[in-house]
Amino acid sequence: MPATGRETYEFGDFRLNAAEHRLERSSGDRVDLPDKAFETLCVLVRNAGHLVEKDQLLEQVWPNAFVEENNLNKCIHAIRHALGERRGDPPYIETVRKHGYRFVAEVRSAAVPKGADDLAGPRLTESGAHAIVSLDGWQVMKETVPASTADAKPLQVTPTPVPAPSRRWVAALALIAVAVTAGLVGWRLWPFGASERFSLQQKRLTTGGQVTRVAMGPDGRYAAVVQNAAIKLFDLESGEERVLVQAEERIRILSIAFRPDGKAIYFGKRSVETTPVTLYSISLDGGEPVKILDDVYGSLTFSPDQKKMAFLRRYPELNEFNILTADIDGTNISKLATSKMPERFEGGPSWSPDGKTILCPIINVEGGFHYTVAKIDPSTGSLTTVPNQRWTWLLFAVWLPDSKGALLTAQGGSDVNAQLWRLDTGSGEAAKITNDSFIYEALSGSGDGRTFTASKIRQTSHIWVLGDSPVQITTGFDKYDGVDGLVWSPDGSLFYHSRASEREAIWRMRPDGSDAKEVTVDSGGGFDVSPDGRSLVFERQGPASSGLHIMDMSTGTQRPLTQNMTASTPVFSRDGSTIFFSNYDQKLSLWEIPAAGGEARVVSNEFQAARFPAVSPTGRYTAFAISKAVTGEIQSAIAIRDNE
């Protein structure tokens, strides 16, 4: 939100210069504010004495972005702290509950001081002989301005020294703030070929964040979201919203769908202590939920004749994921199709409007971990795959009314985030509908295929170094710094995963955040630096070259370490001779391989999943996370292996 002109305001003991992005006391002392907090203050001051709605602030400070309302709350808190607001004193900012904020202090327009030029511009002395610039920690040193342009030389730019963090630091953390917003999304689609043009309009439905699932009613009037573990119902015609299912302590709602007649909602919930999900139904008028059936995995879908539903159920002891059908009241359950690794059903099925096909995402590890889309015949259970498409991530598919096309929330091979796609289920032709920095997840559509709901996520992650006091060393949005890996090198530099170059990559920087450089592209599957700092092991990006690769840090040369394996989360042994890693074949298991190359061998294959190895400081033990089946449930634990 750029400031206009040279807006300068005075209030209390403060002067606000919007154009120069400067807040200072009457004494001239500068008051520091984060960028977004400063922009929020500018909006409030410009509208002093008037209520500024939360949506208005969100739109002006974060234009064309879906952000969590908690970000605004943090900005208001930062402003109050900077202005020195204290309980009992007259406030600068009044909170109008459920609406927004009002700047209540008296605001005076102030003249711009004579000679006050832009902060980023050079200053010439009266003789015109010297120029000095100060830019957020960078200084242009005093240089003589030449008499003619023929003698012109670039000014010498040097950084203001940034104190290195104390050597008493003990760790580096990727602190993640996740903003989740469900938006009401409307499409005008004509005709339904994947390559045809379309029009897309989006409208935000919620602002509070923490949305995990969404559903659109069959007639497009109602939308429902799972937000903060409760189900909220939105009447899109009247604008009314209400809580249909209250949140319960230690209960999670994992799926939600409208019954085909639009008069009730089906939802799956479970306790945080257990694995199986129980399916319930509740009328849109409210009342007590009615139990439908047990053990539902993922989302569910209904047949167009409104008599049947289809859902996934997993059998951990058999490593199977099956598609089952049942009557709409949960009776007459029967198995329709079976899957097990190297490819298995995931996410949830979607029944076509003509009743002839059920779509379901499939995980496949042959030729590298990826997703495809399966087509199941509901009358026979036979399975085919939509041709020509492999996805990095895919969880939700919604049919279009012609039963030939579908909308997906999926991540293509070259994408950083999951986006909305339009898929021709016959030819496999796919077209991306959105292309932005958000992650699109849950997806649902109305019966006429014109209106959809989707959850949009913006995840912001920064790396901090902990020592005498925490120091943030990365900034910016949509880079996911450190989320998929963060490792100290023996020389004190920091290796971390980032999307700063708009692709999955491993970066390296100094402990103060300076000299950040991309080291190599990867697939976000984890990495490690050898104890001597000479080698980097990581999961290589792309299905054609999937598996672990190792890089010589002195030359930059790389070589494959594993072949035909979906390997990830590698870690060196303490002597650097061995690399432990997870392999996703029939199931997740723990493996090891010599760092110099050779045959990989299984370390642990007795659990449903074994992953994320960590080697003890002495090198004797390896700890790893496990999941195991106990009486039909999946339970998680930590296992310890004695390497001797």
Side-chain angles (χ1 to χ4, degrees), residues 176-178 180 182 208-215 224-232 243-257 265-282 287-300 309 311-324 326 330 333 340-341 344-348 363 395-396 441-442 455 457 459 483 569 582 584 587-590 604-614 623-641:
I176 306 168
V178 181
V180 184
Q210 303 304 318
V211 172
T212 55
R213 292 291 182 266
V214 299
V225 302
V226 178
Q227 185 175 29
N228 293 315
I231 298 179
K232 290 185 177 180
V243 175
L244 189 61
V245 177
Q246 296 286 347
E248 299 177 73
E249 187 175 359
R250 303 186 67 77
I251 295 293
R252 300 292 180 265
I253 297 177
L254 302 181
S255 63
I256 182 173
I265 288 177
Y266 281 33
F267 63 97
K269 71 175 186 178
R270 69 169 175 85
S271 165
V272 295
E273 288 86 8
T274 60
T275 301
V277 175
T278 301
L279 188 67
Y280 292 85
S281 173
I282 187 170
E288 288 297 318
V290 177
K291 181 178 176 180
I292 302 297
L293 55 84
D294 288 315
D295 201 6
V296 175
Y297 180 80
S299 57
L300 71 152
M309 60 181 173
F311 59 94
L312 295 186
R313 181 175 286 176
R314 62 179 177 180
Y315 299 86
E317 293 83 359
L318 303 176
N319 197 31
E320 286 186 4
F321 285 68
N322 297 336
I323 294 181
L324 306 181
I333 299 173
K340 59 174 59 180
M341 294 306 289
R344 66 168 174 80
F345 300 128
E346 183 65 19
I363 288 177
L395 208 57
F396 293 93
E441 283 203 348
S455 65
I457 295 175
Q459 178 170 304
V483 171
T569 63
S582 300
Y584 202 154
K587 56 184 179 180
L588 269 167
S589 50
L590 194 67
S604 174
N605 196 32
E606 60 184 295
F607 306 105
Q608 291 298 316
R611 50 190 169 177
F612 305 122
F624 52 99
I626 64 169
S627 297
K628 56 183 179 179
V630 179
T631 62
E633 293 188 21
I634 300 294
Q635 296 184 357
S636 300
I638 299 294
I640 300 291
R641 174 181 182 263

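In this text the structure is predicted, and so the values were computed from the model without any measurement.
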message: Given 3.5 Å as the limit, does a donor-acceptor pair link the side chain of Lys587 with the main chain of Asn605, or not?
response: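 Here the side-chain-to-backbone pair exists.
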query: Is there a donor-acceptor pair under 3.5 Å between the side chain of Ser255 and the backbone N or O of Gly268?
result: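 Yes, the answer is positive, given that a donor and an acceptor are paired below the 3.5 Å cut-off.
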So if I apply the side-chain contact (heavy atoms from CB on, under 4.5 Å) rule between [X] and each of [options], which one comes out positive?
X: Arg270; options: Leu254, Ile251, Ile253, Thr275; result: Leu254
X: Arg314; options: Ile634, Asp295, Asn322; result: Ile634
X: Leu279; options: Ile292, Val290, Asp294; result: Ile292

message: Using a 6.0 Å cut-off, check whether atom CD of Glu273 has over 12 heavy atoms from anything other than its own residue.
response: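 More than 12 within 6.0 Å, yes.
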- prompt: Just wondering, more than 12 heavy atoms not from Arg611 lying within 6.0 Å of its CZ?
  reply: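 No.
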Locate the shortest heavy-atom distance separating [X] from [Y]; write the atom from each residue and the value.
X: Gln227; Y: Lys232; value: OE1-NZ, 3.2 Å
X: Phe624; Y: Phe607; value: CE1-CE1, 4.2 Å
X: Gln608; Y: Ala629; value: CG-N, 3.7 Å
X: Ala224; Y: Ile265; value: CB-CD1, 3.7 Å
X: Ala230; Y: Val243; value: CB-CG1, 4.4 Å
X: Ser589; Y: Ser604; value: CB-O, 3.4 Å

Rounded to the nearest 0.5 Å, what's the gap from [atom1] on [X] to [atom2] on [Y]? Could you check?
X: Ser281; Y: Leu293; atom1: OG; atom2: CG; value: 11.0 Å
X: Met341; Y: Ile363; atom1: CE; atom2: CD1; value: 6.5 Å
X: Thr274; Y: Arg252; atom1: OG1; atom2: CZ; value: 11.0 Å
X: Tyr315; Y: Glu320; atom1: OH; atom2: CD; value: 8.0 Å
X: Phe267; Y: Ile256; atom1: CZ; atom2: CD1; value: 8.5 Å
X: Ser636; Y: Lys628; atom1: OG; atom2: NZ; value: 10.0 Å

query: Given Arg213 and Val225, is the side chain to side chain contact (heavy atoms under 4.5 Å, CB included) satisfied, shown in steps?
result: CA-CA 6 Å; Arg213 292 291 182 266; Val225 302; over 6 Å; no
- prompt: Are Ser582 and Thr569 close enough that a side-chain donor and a side-chain acceptor fall under 3.5 Å?
  reply: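 Thr569 and Ser582 do have a side-chain donor-acceptor pair below 3.5 Å.
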message: For Leu312 and Ile323: C-alpha separation, side-chain torsions, deciding distance, then whether side chain to side chain contact (heavy atoms under 4.5 Å, CB included) applies.
response: CA-CA 5 Å; Leu312 295 186; Ile323 294 181; 3.3 Å; yes
message: Could you walk me through whether Ile282 and Val245 satisfy the side chain to side chain contact (heavy atoms under 4.5 Å, CB included) test, starting with their C-alpha distance in whole Å, then the side-chain angles of each, then the deciding distance to 0.1 Å, before giving a yes or no?
response: CA-CA 8 Å; Ile282 187 170; Val245 177; 3.8 Å; yes
task: Establish, yes or no, whether a centroid distance under 6.0 Å links the rings of Tyr280 and Tyr266.
output: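 Here the rings of Tyr266 and Tyr280 have centres that are no less than 6.0 Å from each other.
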message: Go through it in stages, so that I can follow the logic: the residues are Tyr297 and Phe311, the test is ring-ring contact (aromatic ring centres under 6.0 Å, His included), and I'd like the CA-CA distance, side-chain angles, deciding distance and then a yes or no.
response: CA-CA 7 Å; Tyr297 180 80; Phe311 59 94; over 10 Å; no
- prompt: Is Glu248 salt-bridged to Arg250, cutoff N-O under 4.0 Å?
  reply: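 Between Arg250 and Glu248 there is no salt bridge, as every charged N stays at least 4.0 Å from the carboxylate O atoms.
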